[in-house]
Amino acid sequence: MGILGWIVIGALAGWIASMLTNNDEKMGAGANIAVGIIGGFLGGLVMNLLGGSGITGFNLWSLLVAVIGAVILLWIVSAIKRRA
C-alpha cells in the first residue's frame, strides 16, 4: 500500500477512533491522520500477536485493524494525560 493509501486509511481510522473515544472536538485533521497511521501499526502488531493478519492493503479489514489500534493508542494517551 502506498503513502497515499496510508494517509487515507489513517485519516479515516483516526477520525472514527476519535469519535469512539469522544476526542473528536480536540483533534484536527493532522492529528487524526497521525493517530490513524500509528494506530495501523499498533493494530497490526496486536492482530499478529493474536494470530490474525494485520494491515493487508486498501480494504475494510485494514481500516478495522487501524481503528482498533487507534482506539488503543487514544486510550493510552488519555490514561497518561490523566496521570500527569
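What you see is a predicted model, and the numbers here were worked out from it, not measured in a lab.
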Restricting to non-hydrogen atoms, name the atom on [X] and the atom on [Y] that form the minimum distance, rounded to 0.1 Å.
X   : Y   : value
A66 : I9  : CB-CG2, 4.0 Å
S62 : G57 : OG-O, 2.7 Å
L63 : A13 : CD1-N, 3.8 Å
T56 : S53 : CG2-OG, 3.8 Å

Q. Can you tell which of V77, V67, V46 makes a side chain to side chain contact (heavy atoms under 4.5 Å, CB included) with I72?
A.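 Looking at V77, V67, V46, the match for I72 under the side chain to side chain contact (heavy atoms under 4.5 Å, CB included) is V46.
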Q. When rounded to the nearest 0.5 angstrom, what distance separates CG in N32 from CG in L12?
A.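 Rounded to the nearest 0.5 Å, the CG-CG separation comes out at 9.5 Å.
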Q) Roughly how far, to the nearest 0.5 Å, is the CG atom of L64 from the CG atom of N59? A)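 Reported value, rounded in 0.5 Å steps: 10.0 Å.
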Q: Might you confirm whether atom CG of L60 has over 12 heavy atoms from other residues, nucleotides or ligands at distances under 6.0 Å?
A: no
Q) Got a sec, which residues hit side chain to side chain contact (heavy atoms under 4.5 Å, CB included) with L45, two or more places apart in sequence or on another chain? A)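 L45 satisfies side chain to side chain contact (heavy atoms under 4.5 Å, CB included) with L49 once adjacent residues are dropped.
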(Q) Test of understanding: with side chain to side chain contact (heavy atoms under 4.5 Å, CB included), list the residues that count as partners of V35, not counting sequence neighbours. (A) M27, A70, L73, L74
Q.
Quick check on the 6.0 Å ring-centre criterion: do F41 and W6 meet it?
A.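 F41 vs W6: aromatic centres under 6.0 Å.
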Would you list the atom pairs, donor with acceptor, under 3.5 Å between side chains in residues 16-23 and any protein atom, with sequence neighbours excluded?
unit_1	atom_1	unit_2	atom_2	d
S18	OG	G14	O	3.3
S18	OG	W15	O	2.8
S18	OG	D24	OD1	3.3
T21	OG1	A17	O	2.9
T21	OG1	N23	ND2	3.1

